[in-house]
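Okay, so here's the structure we're looking at.
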Amino acid sequence: MTVAPSHLAATGAEASLHPEATFAASVTGTANLLVTTTCRTDADLYAYVTTRIGALPGVHQAEIVPVLHRLKQGGTRLHDNRLIPT
């Protein structure tokens, strides 16, 4: 996502609390906030982006990159379906 710098910390913190979010981080490049989400259907993803992400403060733009399945994620540590930092 592209978020206004003055809203970056608050927006990232709020997005990280969404039950759909599995990872959130500030990044460099053309976008400055990365949020990895898990949604069951494309309709769920659409609703999440248009209602939850769109409502976050300072969000100017969101780019969606669907990943239909994961490869080689054995050994990933989870707690309450969220990634655990190593």
Side-chain angles (χ1 to χ4, degrees):
M1 284 181 262
T2 304
V3 179
S6 60
H7 293 289
L8 185 58
T11 301
E14 189 172 337
S16 72
L17 298 176
H18 291 169
E20 300 88 349
T22 56
F23 179 79
S26 298
V27 295
T28 61
T30 56
N32 57 1
L33 181 63
L34 169 71
V35 179
T36 302
T37 62
T38 301
C39 297
R40 292 194 178 276
T41 68
D42 56 347
D44 292 341
L45 175 61
Y46 181 81
Y48 176 67
V49 171
T50 57
T51 60
R52 306 283 302 278
I53 294 297
L56 292 172
V59 173
H60 296 293
Q61 179 177 323
E63 182 176 337
I64 311 305
V65 181
V67 176
L68 301 178
H69 58 80
R70 288 183 238 168
L71 298 175
K72 295 187 177 185
Q73 192 159 352
T76 299
R77 296 176 43 194
L78 299 173
H79 177 68
D80 293 331
N81 290 324
R82 297 178 74 88
L83 293 173
I84 298 173
T86 56

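Keep in mind that the numbers below use all heavy atoms, side chains included, and drop hydrogens, waters and symmetry copies.
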Of all pairs that satisfy salt bridge (charged side-chain N to carboxylate O under 4.0 Å, His left out), the ones with a partner from [range], not counting sequence neighbours:
range: residues 58-68; value: none
range: residues 27-38; value: none
range: residues 31-46; value: none
range: residues 4-18; value: none

Quiz item: Tell me, which pairs form a ring pair (Phe, Tyr, Trp, His ring centres under 6.0 Å) where one or both residues lie in residues 22-67, sequence neighbours left out?
Solution: His18-Tyr48

Quiz item: If you look only at pairs with a residue in residues 20-36, which of them pass as a side-chain hydrogen bond (donor to acceptor under 3.5 Å, both in side chains), with sequence neighbours excluded?
Solution: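 Listed once each, the pairs are Glu20-Arg52.
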
Quiz prompt | Over all atoms of both residues, closest heavy-atom pair of Ala21 and Ala15 | solution = CB-O, 3.3 Å

Self-check item: Closest heavy-atom pair and its distance - Ala13, Ser16
Solution: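 Looking at all heavy atoms of both residues, the closest pair is O-OG, 2.7 Å.
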
Quiz item: Under 3.5 Å, is there a donor-acceptor pair between the side chain of Thr11 and the main chain of Leu8?
Solution: no

Practice problem: Give, for atom CD1 of Ile53 and atom OG1 of Thr37, the distance between the pair rounded to the nearest 0.5 Å. | Solution: 7.5 Å

Exercise. Look at the side-chain heavy atoms of Ile, Leu, Val, Met, Phe, Trp and Tyr, link any pair under 4.5 Å apart, and say whether Leu34 and Leu56 land in one connected group.
Key: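 No; Leu56 is not reachable from Leu34 via cluster members.
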
Quiz prompt | Identified side-chain contact (heavy atoms from CB on, under 4.5 Å) partner of Met1 from the options Val49, Ile64, Val35 | solution =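 Testing each of Val49, Ile64, Val35 against Met1, the sole residue satisfying side-chain contact (heavy atoms from CB on, under 4.5 Å) is Val35.
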
